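Notes follow once the structure below has been shown.
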Amino acid sequence: MAPTNKEIVHGEIPMKKVIDLRSDTLTKPTPGMRKAMMEAEVGDDVFGEDPTVNALQEKVAKLLKKEEALFVCSGTMANQLAIRAHTQHGDEVIIESEAHTFNYEGGGGSALSGVQFHPLRGERGVLDPLQIEEAIRPPDHHFAPTRLVCLENTHNRAGGRVYPIARIKETYHVAKRHGLATHLDGARLLNASLASGIPPDTYAQYFDSVSMCLSKGLGAPIGSLITGSREFIDRVHRFRKMFGGGMRQVGIIAAAGIYALDHHTDRLRVDHANAKRLAQGLSQIDGVEIDPNSVETNIVVFDVSQTGTDPDRIAGCLKQQGVLMLSFGKTLIRAVTHLDVTSQDIDRALEITAEVFSGFK
Ligand code: TLP
């Protein structure tokens, strides 16, 4: 019998498809994307001579209505280069306490830029602009001068929350009143844009720099862009070289990015619908706490404290049944929908999750 959607053929033995919801970074390049990569025109990008990289940079600069964009290998590198280019050693950077740049970038802010972070506790990832204003250091030599404010949209740890545009606008005005630069970690900016209906450049206008990833929901195997003014990108370019991020015939991966932007942007709505479907199903399972209304994009974070069981253990049990999710702190589990997950996969993942949770009553 032909393998069903739920099966893949591995040698002679039909195996159940593993439903991998750990991250939207796990997607494999599609055949169309691989073809675009294979056919990409390339050149040495350190010489500025890779036409495919140049085309990608122009495309993203245009999308965000910024003067320039620079291709870098990862979201982490994009954020860290932005910090390096906006600040000097000894400066302070205001950031939300659950932000990726503060928590998951290997201490890059202090190690690579010599800055100290001033983390502020947000309300599900979102800061009150007044809170930001109060945190700005007065001009006194005792203090590290506040130089930069970083926001994240969508906010990963807040379950893919779309950062409200009104808050972004007010934050921008506070920052500018105090002469601060603004940076957006827009790793999933296109998810935010699709969910809110607000064009990406409308978000981008409130930031001096915006980073954006191609290797998350968009499904490219690698790559991020950092955008800003010509002068800013020129500084970033120098630091990219310094950090060892100058790449050569890299059009081969930039082609995947162009393909992703052209073919995978609108389909993010499928991921959002699947995430909603997952959240709705999870909310019906005893031991799971989640408000499906809080799920706006492709990230579903749910609380399992009612089970009295460690999320690592629960993730381990789900894994044994072929569903992969991430333990996301003391009581939380994260599931992310993406290009390689269908609505049937979501239904199957829900059946398995319900079965696994019935063992924790
Ligand atoms: N996030 C990854 C993990 O690092 C947690 C994920 O699976 O979600 N900003 C945000 C908001 C991110 O979520 C990530 C990656 C990054 C930056 C860093 O991007 P990469 O992994 O390309 O360095």
Side-chain angles (χ1 to χ4, degrees), residues 20-29 60 70-84 93 95-109 111-112 117 119 122 124-127 150-163 168 183-193 195 200 203 207 209-227 236 240 243-245 247 250 253-254 256-257 260 268 271 275 295-301 311 315 324-329 332-341:
D20 199 339
L21 300 167
R22 286 172 300 165
S23 180
D24 49 4
T25 60
L26 287 146
T27 54
K28 305 274 168 54
V60 173
L70 193 72
F71 188 45
V72 298
C73 70
S74 67
T76 299
M77 186 179 258
N79 290 331
Q80 293 305 323
L81 283 171
I83 292 175
R84 186 68 188 85
V93 175
I95 195 159
E96 199 275 326
S97 61
E98 296 287 319
H100 191 280
T101 303
F102 176 55
N103 291 287
Y104 298 113
E105 297 187 8
L112 304 171
F117 282 116
R124 291 192 53 238
V126 173
L127 293 172
C150 294
L151 302 184
E152 186 175 311
N153 191 19
T154 65
H155 194 292
N156 184 345
R157 281 203 62 88
R161 180 174 182 189
V162 177
Y163 210 104
I168 290 178
H183 170 71
L184 177 66
D185 176 352
R188 297 185 179 85
L189 181 61
L190 297 189
N191 292 84
S193 198
Y203 285 115
F207 297 93
S209 56
V210 178
S211 59
M212 205 185 93
C213 292
L214 303 166
S215 59
K216 309 228 156 32
L218 293 175
I222 179 173
S224 294
L225 287 112
I226 167 129
T227 64
V236 170
R240 186 183 73 172
F243 291 180
M247 301 186 280
V250 75
I253 54 176
L268 291 173
D271 298 345
V295 174
E296 296 177 77
T297 59
N298 69 331
I299 302 181
V300 180
V301 176
L324 305 187
M325 295 187 189
L326 270 192
S327 153
F328 211 47
L332 302 176
I333 291 183
R334 185 186 81 164
V336 186
T337 55
H338 53 76
L339 196 57
D340 294 350
V341 173

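For the single chain, residues carry numbers from 1 onward in sequence order. Computed from a prediction, not measured in an experiment: that's the story for all the values here. Order of listing sets the numbers, starting from 1, for every ligand and every atom in it.
At least one heavy atom of Lys216 sits closer than 4.0 Å to an atom of ligand 1. Contact between Arg334 and ligand 1 is present, with at least one heavy atom of the residue lying under 4.0 Å from the ligand. Remark: distances from the non-hydrogen atoms of Glu105 to ligand 1 include one below 4.0 Å.
The side chain of Ala187, and not its backbone, has at least one atom closer than 4.0 Å to an atom of ligand 1 (non-hydrogen atoms only; side chain from C-beta on). Using a 4.0 Å cut-off between heavy atoms, Asp24 makes no contact with ligand 1 at all. For Asn156, every heavy-atom contact with ligand 1 shorter than 4.0 Å involves the side chain, none the backbone.
Considering backbone and side-chain N/O of Tyr104, none are found under 3.5 Å from N/O of ligand 1. Taking any N or O of Arg188, backbone or side chain, at least one lies under 3.5 Å from an N or O belonging to ligand 1. For ligand 1, the polar-atom distance check finds an N/O of Gly75 within less than 3.5 Å of one of the ligand's N/O atoms. Annotation: Glu152 places no N or O atom under 3.5 Å from an N or O atom of ligand 1; distance criterion only.
Near Ser74, meaning under 4.0 Å from one of its heavy atoms, ligand 1 places the atoms 22 (O), 23 (O).
Inspection of the Asn79 and His100 side chains reveals no N or O donor paired with an N or O acceptor under 3.5 Å. Side chains of Asn153 and Asp185: no donor on one and acceptor on the other come within 3.5 Å. A donor-acceptor pair shorter than 3.5 Å cannot be found between the side chains of Thr154 and Asn191.
Remark: minimum distance from atom 3 (C) of ligand 1 to any protein heavy atom is reached at His100 NE2, 3.8 Å. Atom 9 (N) of ligand 1 has as its closest protein heavy atom Asp185 OD2, 2.7 Å. Looking only at protein heavy atoms, the nearest one to atom 7 (O) of ligand 1 is Ser23 OG, 2.7 Å.
In this structure, the side chains of Ile226 and Val210 stay at 4.5 Å or more apart for every pair of heavy atoms. Between Val341 and Leu21, the closest side-chain pair of non-hydrogen atoms falls below 4.5 Å.
Here the closest non-hydrogen pair linking Gly75 and Cys213 is CA-SG, 3.6 Å. Heavy-atom minimum distance, Arg240 versus Leu70: NH1-CG, 3.6 Å. Of all heavy-atom pairs between Val295 and Ala275, the closest is CG1-CB, 3.9 Å.
Residue His155 forms a side-chain hydrogen bond (donor to acceptor under 3.5 Å, both in side chains) with just one option from Glu96, Glu296, Arg124, Arg161, and that option is Glu96.
With sequence neighbours excluded, the residues satisfying salt bridge (Lys or Arg N to Asp or Glu O under 4.0 Å) with Arg22 are Asp20.
If you check each of Asn153, Ile299, Thr76 against atom 23 (O) of ligand 1, the one with the closest non-hydrogen atom is Thr76.
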